There are 2 protein chains.
Amino acid sequence: MNLDEILDAIYLLPKDSKAKLRDLVTEVTFPKGHILLREEKVERSIYFIKKGIVRAFSIKPEKEHTFWFGSEGETAMSMQSYINDLKGYESIQLLEYSELYKLNTAALKKLFSEDIHISNWGRRFAELELVKTEERLISQQFHTALERYTVLVASNPDLIQRVQLGLIASYLGITQVSLSRIRAELK
Amino acid sequence: MNLDEILDAIYLLPKDSKAKLRDLVTEVTFPKGHILLREEKVERSIYFIKKGIVRAFSIKPEKEHTFWFGSEGETAMSMQSYINDLKGYESIQLLEYSELYKLNTAALKKLFSEDIHISNWGRRFAELELVKTEERLISQQFHTALERYTVLVASNPDLIQRVQLGLIASYLGITQVSLSRIRAELK
DNA sequence: TCTTAAATTTTACAAATGATAAAAAAGGAA
DNA sequence: TTCCTTTTTTATCATTTGTAAAATTTAAGA
């Protein structure tokens, strides 16, 4: 997914505004396993995923929890850093070799105050992330691990192929043993 | 909490922009038990809570789940309606007599395209809701019901007084009986 | 291909949680 | 206050989920 498609999917910008935004972006690549951003650090960039797959996780009390998978077209970022210039809860790691568009947020914020179209782009960006986050919350709260697993498989079949089960179990909030039990019953 | 305080807490607006925004707001009051908005309906307004306490819930398959409590200064709304003009998942009910500021969203969206300050106010509004929603998601995913209960009590002591336990249990994702067990152990 | 390491599944047992029913306590209305 | 309804707690039992360890499968490198 190229940069124009990613930007347009958020909000359609006039040519000159879009050029200003595109100027803030550089392309970067990293190998599998690379830690894109670290929890407890203030992150100065956000990353649109051109190609690849990543996970967000946090090492809370001892245990590591994976709570998000991102792939082509999605944004890898720390909300707390982007929105409040605070340390993020999450680390983000590449689960395969990935190509990313890196966007400096300080420069972006400057454009928000200067260009109403870019300001509306930024509003739309936050709104779309908000809806996605709310959907995750509701799925988490209303559905059993089994239901969420079947939805995940249906909506993202390659994820199961590309990501190891322990991480998916963590994402579903259950142990790997429980996920194995679920998978055994589905056969 | 009055309207100015609520608007300012989101983003500081120049006088004239703020006046335009304030003109879209009317004050409404409803008795305890009133359903402010209904799931499966497109909602045309958002409500800032001046005084009172509300809950969002959804009647998914048979059972009713409470997944949010809002009080003074917070916003009662359907994200799906506000952001995508779609039906919301949630109903919102007043748990006590409440006073609310009602804001028409169609008119607000018009201002977004006309006034860069209001556009940035709208961006900030979405961003702040996003951080709150992410915090709820992370709390849900990383913490046990007991931990979330103690956090809830610590951060919102009057909630426990004002809201019945069955709703809090539903919010925590456990049965009322389990919550009773938790409370008994904390003594 | 063979060997070794990593990932996944299975099993057994223990602990936590849910369902149900019933008792106790609290709150409201007359 | 007294009665009645609602809410909360307690008790029992069945089910689910986690932990730990072993068995199996899959993948990777030499």
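No experiment lies behind these values; they were computed from the predicted model shown.
Partners of B:Thr29 by side-chain contact (heavy atoms from CB on, under 4.5 Å), not counting sequence neighbours, listed by chain and number: B:Tyr97, B:Glu99. When the ring pair (Phe, Tyr, Trp, His ring centres under 6.0 Å) test is applied to B:Phe67, the partners found at least two apart in sequence or on another chain are A:Phe142. For A:Glu74, there are no side chain to side chain donor-acceptor pair (under 3.5 Å) partners two or more places apart in sequence or in a different chain. Residues satisfying the side chain to side chain donor-acceptor pair (under 3.5 Å) criterion with B:Glu114, sequence neighbours excluded, are B:Lys110.
Residue pairs meeting the side chain to side chain donor-acceptor pair (under 3.5 Å) criterion with at least one partner in residues 36-46 of chain B, sequence neighbours excluded, are B:Glu39-B:Ser58. Counting only residues at least two apart or in different chains, side chain to side chain donor-acceptor pair (under 3.5 Å) contacts with residues 161-173 of chain A comprise A:Glu96-A:Arg162, A:Asp158-A:Arg162. The list of side chain to side chain donor-acceptor pair (under 3.5 Å) pairs with a residue in residues 76-93 of chain A, not counting sequence neighbours, reads A:Arg55-A:Gln93, A:Ser78-A:Ser81, A:Gln80-A:Asn84, A:Gln80-A:Tyr89, A:Gln80-B:Glu135, A:Asn84-B:Arg124, A:Asp85-A:Lys109, A:Tyr89-B:Glu135. Among residue pairs with one or both ends in residues 15-43 of chain A, those qualifying as ring pair (Phe, Tyr, Trp, His ring centres under 6.0 Å) are A:Phe30-A:His34; sequence neighbours excluded. For residues 100-121 of chain A, the set of pairs meeting the ring pair (Phe, Tyr, Trp, His ring centres under 6.0 Å) definition, not counting sequence neighbours, comprises A:Trp121-A:Phe125.
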Show the distances under 3.5 angstrom between N or O atoms of the protein and N or O atoms of nucleotides 23-30 of chain D.
none

Under 3.5 Å between N/O atoms: give me all the protein pairs with nucleotides 12-14 of chain D, atom names plus distance.
none

Any N/O pairs under 3.5 Å between the protein and nucleotides 4-8 of chain C? List them or say none.
from  : atom 1 : to       : atom 2 : distance (Å)
C:dT8 : OP1    : A:Leu165 : N      : 3.1
C:dT8 : OP2    : A:Leu165 : N      : 3.2

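Judged by distance alone, the side chains of A:Tyr11 and A:Arg123 never bring a donor and an acceptor atom under 3.5 Å apart.
The nearest whole Å value for the distance from the CG atom in B:Leu172 to the P atom in C:dG18 is 11 Å. Rounding to whole angstrom units, CD of residue A:Glu185 and P of C:dT11 are separated by 13 Å. A:Ile174 has its CD1 atom 16 Å from the C1' atom of C:dT17, to the nearest Å. Atom P of nucleotide D:dT8 and atom OH of B:Tyr149 are separated by 10 Å, given to the nearest angstrom. Note: CD1 (A:Ile182) to P (C:dT10) measures 13 Å, nearest angstrom. Between the CG atom of A:Leu146 and the C1' atom of D:dT16 there is a distance of 13 Å, given to the nearest Å. The interatomic distance linking B:Leu179 (CG) with C:dA19 (P) rounds to 14 Å, in whole Å. Counting to the nearest Å, the C1' atom of C:dA26 and the CD1 atom of B:Ile160 are 17 Å from each other.
Contact annotation: A:Lys63 reaches the phosphate of D:dT19 (side-chain N/O to OP1 or OP2, under 4.0 Å). The phosphate of C:dT17 has neither OP1 nor OP2 within less than 4.0 Å of any side-chain N or O from B:Ser178. In this model, the phosphate group of C:dG18 is approached by a side-chain N or O of B:Thr175 to a distance below 4.0 Å at OP1 or OP2.
In this structure, A:Ile118 CD1 and A:Leu111 CG are separated by 4.5 Å, a value rounded to the nearest 0.5 Å.
In this structure a side-chain-to-backbone donor-acceptor pair under 3.5 Å is present from B:Glu72 to B:Gly52.
Residue contacts shown for A:Ala184 are limited to sugar-phosphate atoms, with no base heavy atom under 4.0 Å away.
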